[in-house]
Amino acid sequence: MRTPMICWAFLLLVLFGKACNGFYLPGSYMRTYSTGDEIFAKVNSLTSIETELPFSYYSLPYCQPHGGIKKSAENLGELLMGDQIDNSPYRFRMNVNESVYLCTTKPLSEHEVKLLKQRTRDLYQVNMILDNLPVMRYAKQNGIDIQWTGFPVGYTPQNSNDDYIINHLKFTVLVHEYEGSGVEVIGTGEEGMGMISESDKKKASGFEIVGFVVVPCSVKYDPEVMTKHHIYDNISLVECPLDLDKSQIIREQERISFTYVVEFVKSDIRWPSRWDAYLKMEGARVHWFSILNSLMVIFFLAGIVFVIFLRTVRRDLTRYEELDKEAQAQMNEELSGWKLVVGDVFREPDCPKLLCVMVGDGVQITGMAVVTIVFAAFGFMSPASRGMLLTGMILLYLFLGIAAGYAAVRMWRTIKGTSEGWRSISWSVASFFPGIVFVILTILNFILWGSHSTGAIPISLYFVLLSLWFCISVPLTLLGGFMGTRAEAIQYPVRTNQIPREIPARKLPSWVLVLGAGTLPFGTLFIELFFILSSIWLGRFYYVFGFLLIVLLLLVVVCAEVSVVLTYMHLCVEDWRWWWKAFFASGSVSIFVFLYSINYLVFDLQSLSGPVSAILYLGYSLIMAIAIMLSTGTIGLLTSFYFVHYLFSSVKID
């Protein structure tokens, strides 16, 4: 009977492997083009690592497309990140190499000159997209070849007060000839989802775009000559000048002509691999070795903590249980340590409602993080799908309200012994963390509105977010709370005395130990945190979600161990107030995360200029730190609760 089952399983595996031949999940739906097909580039918001304030591409005097500016459909994540994707006049014809004239501006006004100079000196980049691929440029920095996405608005030569605008672009479009081999492709990108099957072979045959590179330069044209041309007229090839006298200066009454050259180059890069060039922009080798080194160190430390703890507790329990009743009674009189707090260990903590609310929100945030990172690790949220990661996180958070309500109300029932007040708990859970985020984002939004940045959240989006919260998160949280009232109550293994036991004085305050406990979980995070901060604030792609998943699982284990060990240490010195200490033992890692964020701002974001940019950075870092505190604190508290419950139910003390 066993052999046919194995054969069937093997056959299904082979058939599945055959069906998945060429299956590609990350990215967008593959499009093929025939020779001469028109493809129009799109433009995203102007961005800068100096200010972190995105602005609309058409806030500067650039050429506008025929038919006016049309915004592309954007998802929730793109809107929150400040992306504003518009159409552009840059037209490409598949496999047609040409030098093209776009337009000549009117004489620059004083306001336009001031704006162009400011954007140039703030190192703003133009972000162009072709077939869902961001434009890339190569440059040398300190003798090292580096890759960047986008190209600068302009440049300021050394020892000069003059600024020059980038008005001539030399594009290289890498294309791969696709023969239509019946490869099935499913994607999650901007173009939607789609599939190419055997029946579409002929239709799909053509050329795929697998690379998009630009060489930007500044060229001074004679406006009288250039205005005789019409848009998309072919002009003679232009070389990038090395002499500043032949470059286009930014000053009043200047008329700027915009041109571009496009060259199509055949490439062996296949469509599923076209994002590799972008994802290898980091020092990949250093990244991998540093992560592996960190993982090995943390595994070693966590193993030591676990072994010491296991031996200590098991020896204590075994020694106590081997005694006969008379010896136990005698020992109880001489006992010190955790056995003496048996009548107080489950005493109600201070601010029990706040603790339950924070645990509920922590469960919600932890669930969101785990599911998001798992999906991202399997490629469902690739860099090609702009905003998909943030959109997925928000939706998961909303739907996990049911878990938050359940966890908070069940803990409330456990502490209080009654379900009375569960509605208040559920409402508080639904409002606590979202309320904090709402207040911080509103303050930051007023700052962005004052700067006329596209990063400001529109009023309409505020109403959308409030509607999602009120129509999805709140009802689900209340439903989860109701389910928590119907769940089986957790019974304490021992009774609580009416009079609280006096806690002996100690040399060091307990907060020192609690604060120090956060260093071990921080050790699992800090290297990965550097790359995450770099991807957010330096415009780099973050792609090692597999490593992030390992780090997250490791963080959960370390937070649980640290909190349990600290709880045991407090019980051993007859301190029965362990609830909040267990929460902050692992939750204190958020303090180190926030301090590291400040360190990153001072030493790694030295180019960040102005108080507005610093306030934005610190505001977003504070949201991240609060979320980490709620998540890690919840992991520590729940683990400690089940440890204390198991510890006092394992030994009988009268």
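What's counted below: heavy atoms across the whole structure, side chains too, no hydrogens, waters or symmetry copies.
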For the pair Ser426 and Thr477, evaluate side-chain hydrogen bond (donor to acceptor under 3.5 Å, both in side chains) and give the outcome as yes or no after the intermediate values.
CA-CA 6 Å; Ser426 300; Thr477 307; over 6 Å; no
Any sub-3.5 Å donor-acceptor pair from Thr634's side-chain atoms to Leu630's backbone N or O?
yes
Salt bridge check: are Lys42 and Asp131 linked by an N-O gap of less than 4.0 Å?
no
If you look at every heavy atom in Ser451 and Val612, which pair is closest and at what distance?
OG-CG1, 4.1 Å
side-chain hydrogen bond (donor to acceptor under 3.5 Å, both in side chains) assessment of Tyr124 paired with Thr51
CA-CA 9 Å; Tyr124 269 87; Thr51 67; 2.6 Å; yes
Provide the closest heavy-atom pair for Lys71 versus Asp86 in the form atom of the first, atom of the second, distance.
CG-OD1, 3.3 Å
Check for a donor-acceptor pair, side chain of Ser45 on one end and backbone N or O of Gln84 on the other, with a separation under 3.5 Å.
yes
With sequence neighbours left out, write down each residue that passes salt bridge (Lys or Arg N to Asp or Glu O under 4.0 Å) with Glu112, or none if nothing qualifies.
none
Does any N or O in the side chain of Ser431 come within less than 3.5 Å of the main-chain N or O of Ser428, such that one atom is a donor and the other an acceptor?
no
Test side-chain contact (heavy atoms from CB on, under 4.5 Å) applied to Glu254 and Ile249, step by step:
CA-CA 8 Å; Glu254 283 286 326; Ile249 196 169; 4.3 Å; yes
Could you tell me whether Tyr596 atom OH has more than 12 heavy atoms of other residues or ligands within 6.0 Å of it?
yes
Phe258 pairs by side-chain contact (heavy atoms from CB on, under 4.5 Å) with which of Leu169, Ile166, Ile165?
Ile165
What is the minimum heavy-atom distance between Thr372 and Leu389, and which atoms define it?
CG2-CD1, 3.6 Å
Name the orientation class of the two ring planes belonging to Phe522 and Phe592 (parallel below 30°, tilted from 30 to 60°, perpendicular beyond 60°).
tilted
Can you tell me if Ser588 uses its side chain to pair, donor with acceptor, with the backbone of Val514 under 3.5 Å?
yes
With a 6.0 Å cut-off on the ring centroids, do Phe438 and Tyr462 count as close?
yes
Please report the C-alpha distance between Asn127 and Thr149 in whole Å, then the side-chain angles of each, then the deciding distance to 0.1 Å, and finally whether the side-chain hydrogen bond (donor to acceptor under 3.5 Å, both in side chains) criterion is met.
CA-CA 7 Å; Asn127 299 294; Thr149 52; 4.8 Å; no
Work out which heavy atom in Trp275 is nearest to a heavy atom in Asn132; give both atom names and the distance.
CZ2-O, 3.5 Å
Could you tell me whether Arg121 and Asp163 have a side-chain N and a carboxylate O separated by less than 4.0 Å?
yes
Does Arg137 make a cation-pi contact with Phe151, if we ask for NZ or CZ under 6.0 Å from the ring centre and within 45° of the axis?
no
On a heavy-atom basis, which atom in Glu50 and which in Asp122 lie closest, and how many Å separate them?
CB-O, 3.6 Å
Centroid separation Phe584 to Trp580 less than 6.0 Å
yes
Keeping Ser88 on the side-chain end and Ala41 on the backbone end, is there a donor-acceptor pair under 3.5 Å?
yes
Give a yes-or-no answer on whether the side chains of Ser563 and Ser586 include a donor-acceptor pair shorter than 3.5 Å.
no
Return yes if some donor-acceptor pair links the side-chain N/O of Thr519 with the main-chain N/O of Gly516 below 3.5 Å, else return no.
yes
For a quick test of reading the model, state the closest non-hydrogen atom pair linking Val562 to Ala585 and the distance between them.
CG1-O, 4.1 Å
